[in-house]
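Notes follow once the structure below has been shown.
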Amino acid sequence: MRRLNTKDINGKEYVFCAWRRRWVRLTPEEWVRQQFLHRLVDDYHYPAGRIGVEVAIAVGEAKKRCDAVVYDEQLQPLVLIECKAEHVALTQRTLDQAITYNRQLRVPYLFLHNGPETIVVQLDEGLRMKDERLNSNDYKETNVISPSSCVLHPSSKEFLTYIPQWSQL
C-alpha cells in the first residue's frame, strides 16, 4: 500500500494529486486511483508525465472526465483507466462506462481497477476504428485477452506484460 501525501482541511481528508498539482478530496475511489497511478510510476517505472488524470472528453453533448489516460511515447492515448472504490465490484456497467469514454479516445487498452483486482481489456484495431456506436458485446467478441486471464492482481507485474510498449521500458 502506497503512503499518500494527505492532510485534513476543515475536517475532511485531502490527498495531493501530483498529476493535477493540487489537493483533492480523498474519496474511496480517489484513494484507489492514486494508489494505482503511483504503482505504475514507482513500481513499473512508467513516466509520470505521460499519465493524465481526469481527462476531459465529450460524450455526445455531455462533457465527461475519465479517471486516467496513459499516453505512449508519441503522446497518443494508449490506455484508458477506469477506477472504482475497493467495495465496488468491476461489473458490466464498469466496462460499459469505459467503452463509452473510449468512443472518443479509441485506445487499444482499457484497465478497470478497484484495488483488489484489475481487468485488462485489449481492443482489436478494426473495432477501434469503427465509427458506429459500439456496445460491450462488440468488445467482448474481439477481446484478445481471454476472460480467464484478464482478471489480474495489481501487486503482480503480470498485467503490464499484455502491453508491448510497457514491457520494452
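All values below come from the heavy atoms of this structure, side chains included, with hydrogens, waters and symmetry mates left out.
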Hey, what do you get for [atom1] ([X]) to [atom2] ([Y]), rounding to the nearest 0.5 Å?
{"X": "Arg103", "Y": "Arg106", "atom1": "CZ", "atom2": "CZ", "answer": "10.0 Å"}
{"X": "Glu82", "Y": "Thr118", "atom1": "CD", "atom2": "OG1", "answer": "12.5 Å"}
{"X": "Glu117", "Y": "Glu86", "atom1": "CD", "atom2": "CD", "answer": "11.0 Å"}
{"X": "Phe111", "Y": "Leu40", "atom1": "CZ", "atom2": "CG", "answer": "7.0 Å"}
{"X": "Asp96", "Y": "Thr91", "atom1": "CG", "atom2": "OG1", "answer": "8.0 Å"}
{"X": "Leu80", "Y": "Tyr101", "atom1": "CG", "atom2": "OH", "answer": "9.0 Å"}

For this session: Using the test side-chain contact (heavy atoms from CB on, under 4.5 Å), find all partners of Val69 that sit at least two apart in sequence or belong to another chain.
Result: Val55, Cys66, Tyr71, Pro77, Leu105
Exercise. Checking side-chain contact (heavy atoms from CB on, under 4.5 Å) for the pair Val41/Ile51: CA distance, chi angles, key distance, verdict?
Worked result: CA-CA 9 Å; Val41 172; Ile51 298 173; 3.9 Å; yes
For this session: Tell me, with the steps shown, if Lys84 and Gln97 meet side-chain contact (heavy atoms from CB on, under 4.5 Å).
Result: CA-CA 11 Å; Lys84 297 297 179 192; Gln97 181 181 3; 2.7 Å; yes
Exercise. For His113 and Val32, which heavy atoms make the closest approach, and how far apart are they?
Worked result: CD2-CG1, 3.4 Å
For this session: Can you see which heavy atom on Ala89 is nearest to which on Asn114, and at what distance?
Result: CA-ND2, 4.1 Å
Exercise. Tell me the salt bridge (Lys or Arg N to Asp or Glu O under 4.0 Å) pairs involving residues 24-35, sequence neighbours left out?
Worked result: Arg20-Glu30, Glu30-Arg33, Arg33-Glu54, Arg33-Asp67
Problem set entry | side-chain contact (heavy atoms from CB on, under 4.5 Å) between Thr100 and Asn102, intermediate numbers included | CA-CA 5 Å; Thr100 298; Asn102 197 40; over 6 Å; no
Problem set entry | ILVMFWY cluster, Val88 and Ile119 together (side-chain gap under 4.5 Å) | no
For this session: Answer yes if Trp23 and Leu4 sit in the same cluster of Ile, Leu, Val, Met, Phe, Trp and Tyr residues linked by side chain heavy atoms under 4.5 Å apart, and no otherwise.
Result: no
Exercise. Would a 4.5 Å heavy-atom cut-off, applied to side chains only, mark Leu78 and Pro108 as touching?
Worked result: yes
Exercise. Without hydrogens or angle criteria, can the side chains of Gln104 and Lys64 be said to hold a donor-acceptor pair below 3.5 Å?
Worked result: no
Problem set entry | Whether Asp42 side chain and His45 backbone form a donor-acceptor pair below 3.5 Å | no
Would you tabulate the side-chain donor-acceptor contacts of residues 8-19 under 3.5 Å, counting partners in other chains and residues two or more places apart, or write 'none'?
unit_1, atom_1, unit_2, atom_2, d
Asp8, OD1, Gly11, N, 3.0
Trp19, NE1, Ala48, O, 3.1

For this session: Might you work through the side-chain contact (heavy atoms from CB on, under 4.5 Å) test for Tyr109 and Val121, ending with a clear yes or no?
Result: CA-CA 6 Å; Tyr109 300 95; Val121 179; over 6 Å; no
